[in-house]
Protein chains: 2
Amino acid sequence: MGATVGRQSTEMLKGILEGIVLALLSTRPAYGYEITARLRDQGFTDLAEGTVYALLIRIEQRGLVDVEKVPSEKGPPRKVFTLNARGREDLVEFWRTWSFLTERLDQLREDGA
Amino acid sequence: MGATVGRQSTEMLKGILEGIVLALLSTRPAYGYEITARLRDQGFTDLAEGTVYALLIRIEQRGLVDVEKVPSEKGPPRKVFTLNARGREDLVEFWRTWSFLTERLDQLREDGA
DNA sequence: GCTCAGTACCTAGTCTTACTATGTACCAGG
DNA sequence: CCTGGTACATAGTAAGACTAGGTACTGAGC
């Protein structure tokens, strides 16, 4: 991040990026390279590939996703991640926290502006 | 944080808390103890005092706020922070990043739910 | 006088997470 | 053969919130 939005966005992404990826996976399974590309398309232009792979490994180790290796027509095999029950719970929790934050910030923005 | 919202909120606060404090200061000057108390009242129940003081020192060193020492009726003198021009710019930038994130996440939530 | 609670500030060390930079491997087209 | 696209991985760094303390000043109650 940095080009599309401010330099502070790196810090603001922390924790949120995980929710974003869980949300992406809740619509359909995906693999790392694909997730990175999709997010870059959606405006996270400077998102580092390594960040996504590290994140995927983390959520796998926490048991939020199931993993399957699928051969690719072009290039090495893909590691396809599927959101499981634990992951869905975590996503619900993420949306709860997110809602709390947006409510607080919406109010602050009213007061401030 | 933790009681009010999920355990993941600690990471999600990173970067955002700074924007929250800048927004608070944009309505009127305030000092650390007061800011901590206000935020706790507003639902950030587990917010650590030390976190706020560290943050205030950071934004002071970045030149986003002006500081004035004011005697208190009860207890040691207060360090009152006032948002200055640089701080207001930073706040604008914060809101820009925040809007970007909320737009992305709103869309993800639609798709996902 | 002394203690305790409330006010007010500060800091060293830890943990998590995003980024940098780089490396590996597989494949097709020129 | 060699470049570019696909696909995954990791060691090291930086930033920020938390833990767990500590200091100092004041007034109320015993």
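Note: hydrogens, waters and symmetry copies are ignored here, and every other heavy atom, side chains too, is used. Chain identifiers are assigned alphabetically (A, B, ...) following the order of the sequence lines, protein sequences preceding nucleic acid strands; residue numbering begins at 1 within each chain.
A donor-acceptor contact shorter than 3.5 Å is absent between the side chain of Asp66(A) and the backbone of Phe81(A). Counting only distance, with no hydrogens or angles, the side chain of Arg86(B) and the backbone of Arg62(B) share a donor-acceptor pair below 3.5 Å.
Residue Arg58(A) has its side chain nearest to dA18(C) when only dT7(C), dC18(D), dA18(C) are considered.
The shortest distance between the side-chain N/O atoms of Ser72(B) and the OP1/OP2 oxygens of dA8(C) is below 4.0 Å. OP1 or OP2 of dG16(D) lies within a sub-4.0 Å distance of a side-chain N or O belonging to Arg62(B).
For Tyr53(B) and Tyr31(B), the ring centers sit 6.0 Å or farther from each other.
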Give the intermediate values and the outcome of salt bridge (charged side-chain N to carboxylate O under 4.0 Å, His left out) for residues Glu68(A) and Lys79(A). CA-CA 6 Å; Glu68(A) 195 189 358; Lys79(A) 269 182 76 178; over 6 Å; no
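Looking at heavy atoms from C-beta onward, Met12(B) lies out of side-chain contact with Lys14(A) at the 4.5 angstrom threshold. Looking only at side-chain heavy atoms (C-beta outward), Leu105(A) and Trp95(B) come within less than 4.5 Å of each other. Side chains of Asp106(A) and Arg109(A) form no contact here, defined as non-hydrogen atoms less than 4.5 Å apart.
One interatomic measurement links the two molecules: CG of Leu55(B) to P of dA15(D), which rounds to 14 Å at whole-angstrom precision. The distance between atom CD of Glu11(A) and atom P of dT16(C), rounded to the nearest whole Å, is 16 Å. As a whole-Å value, the separation of Arg40(A) CZ from dA18(C) C1' is 13 Å. Separating the CD atom of Glu18(A) from the C1' atom of dT17(C) is a distance of 10 Å, rounded to the nearest angstrom. As rounded to whole Å, 11 Å separates atom P of dA18(C) from atom CD1 of Ile59(A). Rounding to whole angstrom units, CD of residue Glu73(B) and C1' of dA28(D) are separated by 17 Å. Rounded to whole Å, atom P of dT17(C) lies 14 Å from atom CD1 of Ile16(B). To the nearest angstrom, C1' of dA7(D) lies 16 Å from CZ of Arg38(A).
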Would you list the protein and nucleotides 9-11 of chain C atom pairs, both N or O, that sit under 3.5 Å from each other?
residue	atom	partner	partner atom	Å
dC9(C)	OP1	Lys79(B)	N	2.6
dC9(C)	OP2	Gly32(B)	N	3.4
dC9(C)	OP2	Tyr33(B)	N	2.7
dC9(C)	OP2	Tyr53(B)	OH	3.1
dC10(C)	OP1	Lys79(B)	NZ	3.2

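Across all strands shown, Lys14(B) has heavy atoms under 4.0 Å from base atoms, whether or not it also approaches the sugar-phosphate. Across all strands shown, Leu17(B) has heavy atoms under 4.0 Å from sugar-phosphate atoms exclusively, and none from any base.
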